[in-house]
**Q** 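One structure follows; several queries about it will come next.
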Amino acid sequence: MGETLAVELAPFSIRVLIVEPGAFRTENIFSQPFYEDNPIPDYDELRKVAIAHYKAVDGMQPGDPLKAMQALVDVIHGEGRAKGKAWPLFLPLGVETETAIRDKFETLDGLIDEWDELIRDTRLDNLWYGTALLALSVLLLLVFQKIIEFRRAVHSVNNHPGYRLLLNTLGPIENFFPRVPGITPGGFHMWRRKHKDFESHGWDVITYASPSTLYMRIVSAFLGSKTNFYVADPDAIKEITTHRARFPKPVEQYKLLTFFGNNIVASEGEEWKRYRKITAPAFSERNNRLVWDETILIVQDLFNNVWGDQEEIAYNHAVDLTLPMALFVIGVAGFGRRIFWKEDELVPPGHKLTFKGALHTVAKEVFTKLVVPDWVLKLGLTESHRQTTLAFDELHMYLVEMIRARKESEKKEERYDLFSSLLDANEEEEDGQVKLQDSELIGNLFIFLIAGHETTAHTLCYVFAMLAMHPEEQETLYEHIKTKSVIQDGGLLDYECMNALPYCGWVLNETLRMFPPVHSIPKSVAEDTTITISNAEARYWEDPHTFKPKRFMDDKWPRDAFLPFNAGPRACLGRRFTETESVAVIAMIVSRPAKKTRTQIKTGPKYDAS
Ligand code: HEM
């Protein structure tokens with residue numbers, strides 16, 4: 001019996017190693033109990049032994065199969081260890097006879113080929129196996145690290161109530177994520193949920209804590225840290241916005257806005273002070289007057305040359321009206337370039353786009369420019385990418401030319417657009433040095449476009465939406481403008497009349513209170529600090545979800561709880577610019593003499609305040 005077993009098993013030793021590589025794949029050789037406490041075999045050695053052994057088989061002189069087997073096992077496990085160890089190695093391969101092996105491999109070459117294939121496959125399998133094992137270990141380690149990080153994050157916010165999330169971010173990509181409890185707060189959650197999160201946690205300061213993720217690190221230019229305090233408490237906000245040094249701007253989150261040059265929005269400390277000192281005077285009373293006068297002309301141009309005598313004007317989306325309007329205003333009052341609705345300029349020599357075309361595309365594609373890396377844009381894979389690259393290059397070229405022309409002109413016209421004022425201020429040298437380099441001039445001019453265009457356009461869009469949804473308010477506003485008799489016969493409206501139209505300002509404020517285009521402003525904390533906070537109640541505004549422009553009528557409204565333009569030393573420089581433009585637009589459009597039907601601005605789905 002014992003002999004038979006020996007004879008039968010000997011050929012298996014050859015099959016194990018040669019014939020059934022599949023068996024190794026599915027039942028990995030290293031997982032066999034035999035190998036658990038033994039070293040991994042050296043396949044090249046095994047190969048030599050197997051060939052030597054098989055040569056004997058091939059030559060029909062099998063010799064002693066058991067001895068051959070033992071020789072094989074000795075190679076694997078060292079001299080003298082074969083006894084009793086060989087057999088489990090071959091068991092998974094099924095039992096065959098020596099004759100079957102001879103039938104299968106008529107020549108030694110066939111045997112060697114299969115043997116080599118087996119070695120290749122087994123090595124590959126082992127590589128995958130090893131890699132997978134390594135990856136799993138790394139993953140487990142990472143999860144463990146994240147759990148510790150997460151616990152630390154929660155501890156660092158003193159367990160103050162709030163959200164515990166995997167992704168605690170404010171980046172451009174997750175703005176499109178849905179709200180998933182425990183994972184992400186959902187796109188634009190601050191804007192969409194307004195005060196709800198504070199109410200549900202019972203405080204006007206809540207925390208967001210999460211472990212840092214690779215994703216967060218990659219897009220960290222846009223993101224907050226792994227712990228954030230969201231503050232809706234006006235007293236705390238006042239403290240934070242007033243003390244710039246203790247709560248500096250996290251400028252690394254604004255890096256993407258510096259592609260034309262460093263600027264006031266994306267800077268902090270001494271650099272910011274320098275920019276603010278030079279740029280602030282450009283937002284002068286004379287500039288406001290220019291904003292007003294030019295806005296009136298732009299709206300008149302719209303009435304005369306676009307709307308004409310049509311009985312009904314309908315827009316599917318009000319931004320189709322307000323985006324170009326705000327662009328034309330910043331074009332002329334910001335860059336000193338008048339742009340008309342219909343008139344198309346010629347493309348000047350050396351350019352591929354008109355100034356209007358470049359400005360329009362730049363304003364439209366800012367988001368693309370912010371989220372798509374430059375090297376991808378330069379590949380020009382899509383039409384939008386090609387247009388974006390072209391428009392940004394063209395606008396940059398226009399600004400360089402405009403700066404050169406203004407510097408070279410001997411007699412400078414008195415002009416009060418932001419561009420001219422900034423350049424004039426820059427020429428007054430300090431200690432024999434110009435204040436801003438050209439790249440900084442362009443960076444700052446460009447940021448006025450970014451900061452001022454979409455914010456104003458979307459605010460005006462909401463103004464019209466709210467008026468369309470509240471016809472009684474629209475009527476009151478209409479009567480208000482009419483009774484003030486400020487509109488002249490030619491349809492013009494003087495800057496001096498602005499103060500006589502407070503209702504327009506209240507409508508603007510009420511819209512900004514409910515739909516602020518900038519809904520959160522990041523700050524970092526430079527030192528250990530204590531802020532006092534209170535429980536959340538809707539105590540700043542009565543009936544906060546109702547559109548009531550008259551709440552701004554008297555002086556009693558809570559100024560510290562009205563923050564669309566930020567507050568403190570870093571408050572918006574263009575606030576008066578926007579207010580002037582908006583009041584002029586609202587007054588002109590709402591009071592437009594009715595044709596047969598009143599101008600209609602259609603809005604999207606109804607806003608649900610609940
Ligand atoms: C509805 C319209 C607008 C809103 C709601 C608005 C809102 C804001 C907010 C919240 C900030 C602070 C941002 C931060 O610190 O990160 C800011 C800053 C700024 N805004 Fe506006 N803005 C508007 C229009 C404009 C316009 C029309 C201009 C210029 C033409 C402008 C120029 C600036 C500048 C230069 C800053 C940076 C101030 C500094 O950091 O010192 N803004 N704005």
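Both ligands and their constituent atoms are indexed starting at 1 by order of listing. Keep in mind that this is a model prediction, so the values were computed, not measured.
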**Q** Would you say Thr456 has any N or O atom under 3.5 Å from an N or O of ligand 1, going by distance alone?
**A** no
**Q** Which protein non-hydrogen atom lies closest to atom 7 (C) of ligand 1, naming both residue and atom, and how far is it?
**A**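 Here the closest protein heavy atom is Pro564 O, 3.4 Å.
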**Q** Does the residue Gly334 have a heavy-atom contact with ligand 1, meaning some pair of atoms that are separated by less than 4.0 Å?
**A** no
**Q** If I apply the N/O under 3.5 Å rule, does Arg276 come out as touching ligand 1?
**A**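 Yes: some nitrogen or oxygen of Arg276 is under 3.5 Å from one in ligand 1.
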**Q** Assess the side chains of Glu440 and Asn263: does a donor N or O sit below 3.5 Å from an acceptor N or O?
**A** no
**Q** What's the shortest distance from atom 26 (C) of ligand 1 to any protein heavy atom, and which residue and atom give it?
**A**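 Among all protein heavy atoms, the one nearest atom 26 (C) of ligand 1 is Gly452 CA, 3.2 Å.
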**Q** Identify the protein heavy atom lying closest to atom 29 (C) of ligand 1, giving its residue, its atom name and the separation to 0.1 Å.
**A** Phe283 CE2, 3.6 Å
**Q** Does ligand 1 have any atom sitting under 4.0 Å from a heavy atom of Ile330?
**A** yes
**Q** Taking N or O atoms only and a 3.5 Å limit, does Lys523 qualify as a polar contact for ligand 1?
**A** no
**Q** Please report whether the ring centroid of Trp272 lies less than 6.0 Å from that of Tyr275.
**A**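 No - the distance between ring centres of Tyr275 and Trp272 does not fall below the 6.0 Å cut-off.
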**Q** May I ask you to check if ligand 1 and Thr578 share an N or O to N or O distance below 3.5 Å?
**A** no
**Q** For atom 15 (O) of ligand 1, find the nearest protein heavy atom and state the residue, atom name and distance (0.1 Å precision).
**A**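 The closest heavy atom on the protein side is Lys249 NZ, 3.1 Å.
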**Q** Give the residue, atom name and distance (to 0.1 Å) of the protein heavy atom nearest atom 37 (C) of ligand 1.
**A**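 Nearest protein contact, heavy atoms only, for atom 37 (C) of ligand 1 is Val265 CG2, 3.6 Å.
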**Q** Which heavy atom in Val590 sits nearest to a heavy atom in Gln474, and how many Å separate them?
**A** CG1-O, 4.3 Å
**Q** Which residue owns the protein heavy atom closest to atom 42 (N) of ligand 1, what's the atom, and how far is it?
**A**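 Atom 42 (N) of ligand 1 sits closest to the protein heavy atom Cys572 SG, 3.0 Å.
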